[in-house]
Amino acid sequence: MLDAKFIRQNADLVKAGAKKKRVACDVDGFIALDSERRELGQRADELRSVQKSAGKDIAQASNEERPALLEAQKAVKTELKALEERLGAVETGMRDLQLVIPNVPADEVPEGADDTDNVEVRRVGEAPSFDFEAVDHIEIANRQGWLDIEAGARLAGSRNYVLIGDLALLEGAVLQFAFDHMIAKGFVPLSVPMLLRPEPLYGTGYFPGGEEQTYRTDDRDDLYLAGTSEVPVTALHADQILALEDLPKRYVARTTCYRREAGTYGKDTKGIYRVHQFQKVEQVILDVADEANSIEQHHAILRNSEEVMQALDLPYRVVNVCGGDLGVPHVQKFDIETWMPGRDAFGETHSASRFYDYQARRLGLRYRDAEGRVQHCHTLNNTVAASTRMLIALLENHKWGDGTVRVPEALRPYVGGREGLGRPVE
RNA sequence: GGAGGCGUGGCAGAGCGGCCGAAUGCGCCGGUUUUGAAAACCGGUUUGGGGCAACUCAACGGGGGUUCGAAUCCCUCCGCCUCCGCCA
């Protein structure tokens with residue numbers, strides 16, 4: 001969330017940012033509550049001060065004077081209690097409004113309502129041309145007996161799948177390659193829980209708002225299945241004050257991800273493009289509160305993932321995500337969209353996000369700067385590889401006419417040195 | 001799942017319902033001393049809100065209650081530890 005003082009002093013900027021993001025929120029209402037809060041707070045402070053010193057007098061008073069003092073204290077107590085009740089209500093109201101006031105998008109974020117307004121930054125690699133029948137990942141996988149979507153549905157409902165044989169192998173290969181790539185860059189590998197308490201989801205900005213997209217256990221546990229390891233990893237140091245020399249924290253996590261995909265009926269129903277469960281390698285950076293540094297880190301995490309795509313010979317483009325397609329906590333986001341011949345289009349495979357201190361403030365994630373002041377960290381994250389969409393891209397871009405699939409050189413060590421997967425068909 | 005114990009500042013560890021935002025030790029920062037370092041000695045060292053400031057208020061796992069007054073008493077939730085049971 002944004003700092004209350006910042007909102008107060010930059011109301012127009014905050015409103016313009018919300019408008020650019022197409023987010024409805026009540027900035028004026030928040031500011032009104034904030035000023036009421038300060039007024040009530042000051043009065044309450046005074047009353048408590050009176051109560052405190054009067055209490056000390058009572059302790060030392062003689063038996064004759066004590067009843068009168070007690071009587072006066074009761075009046076203070078009554079007034080204070082009423083005041084605190086109002087203050088509590090005001091603070092709750094503020095909190096509710098503050099949680100949905102979005103972060104201010106960067107000037108470089110394009111205007112626009114949805115993903116069709118995202119702006120292409122660059123294209124890398126050539127879309128392959130085939131001199132044989134163009135088939136999509138479903139067809140390729142089915143010919144090799146690699147994919148069973150019906151079995152996925154029987155086991156777990158729609159948007160589930162079973163990978164079999166070489167495709168299951170390829171999934172492991174691409175994830176391990178991505179993991180190793182980040183570890184070689186000095187990122188610390190993590191294995192983290194994905195069944196989470198609500199706090200990390202609020203802290204990273206998924207809640208409020210994302211509840212419908214998130215699986216929840218029943219009220220015996222009140223835990224949530226996160227859609228990305230960004231949530232537990234960014235929240236790893238919540239409520240801590242890190243030492244300056246511990247920053248930046250650079251983490252890479254490999255986890256399963258769970259998404260309800262509510263409200264997407266009929267969208268991307270074929271194949272494994274939009275599914276409830278997949279595997280993902282994610283990079284997360286926690287660093288000092290310095291905008292220029294954050295921008296630099298943003299480019300670095302984008303570059304890390306582009307290196308993976310280039311090593312896998314996959315054609316992609318980078319888009320600058322427009323205001324209307326940005327999330328509440330984001331300052332700016334670059335997506336990598338990978339060419340998917342079966343869709344005859346680019347499909348989103350990566351999201352590189354920069355938040356400044358928006359998540360850190362919600363999380364209580366802080367550090368002590370060189371002057372000894374406590375500051376909120378800046379946070380960033382990017383996908384390194386998400387299993388299902390990478391598999392689509394690998395199958396569809398690297399297919400051969402005989403039904404087999406080429407393994408890019410970088411992945412060969414992970415599949416026992418093989419250059420191709422599957423056996424020739426027809 | 002059953003029984004019991006415990007949650008205090010970076011760590012360890014005191015704390016009678018008012019004199020406790022909190023003893024003491026360690027650590028850390030600054031100073032004295034020293035050629036330099038160590039040791040010793042002196043001083044400083046939680047976080048958050050409000051205020052230009054002096055300053056003030058809040059917080060002793062979270063929430064609620066009792067009381068004129070709660071770190072201290074009661075309830076509840078969360079977490080940790082020990083023992084028993086069950087299980088990957």
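Proteins get letters first, then strands, A, B, ... in listed order; numbering begins at 1 in each.
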Looking only at the aromatic ring of each residue, does the gap between the centers of A:F207 and A:Y224 stay below 6.0 angstrom? yes
In whole Å, I'd like the distance from the CZ atom of A:R8 to the C1' atom of B:G51. 11 Å
With RNA chain B as reference, determine whether A:I241 or A:S49 sits nearer its 5' end, using the nearest nucleotide of each. A:I241
Does NZ or CZ of A:R343 fall inside the cone over A:Y273's six-membered ring, less than 6.0 Å from its centre and within 45° of the axis? yes
When the C1' atoms of B:G15 and B:C60 are considered, how many whole Å apart are they? 11 Å
Under 4.0 Å: is that the gap between some side-chain N or O of A:K52 and OP1 or OP2 of B:A58? yes
Both distances under 3.5 Å, Watson-Crick or G-U wobble: report the partner of B:U46, or none. B:A59
Applying a 4.0 Å non-hydrogen cut-off, can you work out what A:V76 is touching in the nucleic acid: base, sugar-phosphate, or nothing? nothing
Find the partner of B:C83: check Watson-Crick (N1-N3 plus N6-O4 or O6-N4) and G-U wobble (N1-O2, O6-N3) distances, both under 3.5 Å, and reply none if neither fits. B:G2
From B:G49, B:C68, B:U47, nucleotide with atom closest to A:Q51 side chain: B:C68
For A:R361, which contact category applies under a 4.0 Å heavy-atom criterion: base, sugar-phosphate, or nothing? nothing
B:A71 versus B:G17 - spacing of their P atoms, nearest Å: 13 Å
Rounded to the nearest 0.5 Å, what separates atom CD in A:E419 from atom OG1 in A:T404? 11.0 Å
B:G43 versus B:G48 - spacing of their C1' atoms, nearest Å: 26 Å
Taking the P atom in each of B:U34 and B:C20, what is the distance between them to the nearest angstrom? 40 Å
Output the rounded distance in Å from OH (A:Y367) to P (B:U47). 15 Å
Does B:U72 have a Watson-Crick or wobble mate here (both distances under 3.5 Å), and if so which one? none
Who is the Watson-Crick or G-U wobble partner of B:G36, with both distances under 3.5 Å? none
Parallel, tilted or perpendicular: ring planes of A:Y215 versus A:H276, cut at 30 and 60 degrees: perpendicular
Looking only at side-chain N and O atoms, does A:R38 come under 4.0 Å of OP1 or OP2 in B:G49? no
Using the P atom in both, what is the distance from B:A58 to B:A70, to the nearest Å? 10 Å
Value in whole Å for how far the C1' atom of B:G48 lies from CZ of A:R373: 17 Å
d(CD, A:Q73; P, B:G17) in whole Å: 21 Å
Residue A:K5, side-chain atoms from C-beta onward, closest of B:A58, B:G48, B:G50: B:G50
Electrostatic pair A:E36:A:R86 at N-O distance under 4.0 angstrom: yes
In whole Å, measure the gap between the C1' atoms of B:A12 and B:C28 for me. 15 Å
Residue matched to B:G10 through Watson-Crick or wobble contacts both under 3.5 angstrom: B:C26
Donor-acceptor contact below 3.5 Å, side chain A:R22 vs main chain A:K20: yes
From B:G51, B:A58, B:G48, nucleotide with atom closest to A:R48 side chain: B:A58
Taking atom P in both B:G63 and B:A59, what distance in whole Å separates the two? 10 Å
Evaluate the side-chain proximity of A:T338 to A:R389: yes if any heavy-atom separation is below 4.5 Å, no if none is. no
Find the distance A:R197:CZ to B:G63:P and express it as a whole number of Å. 15 Å
Whole Å only: how far is the CD atom of A:Q42 from the P atom of B:G49? 15 Å
Protein-nucleotide distance (A:R368, atom CZ; B:G48, atom P), rounded to Å: 8 Å
Starting from P on B:G49, measure out to CZ on A:R43 and report it in whole angstrom. 23 Å
Heavy-atom nearest nucleotide on RNA chain B taken for A:R366 and for A:E46; more 5' hit belongs to A:R366
Roughly how many Å apart are B:G44 and B:U35, using the P atom of each and rounding to a whole number? 28 Å
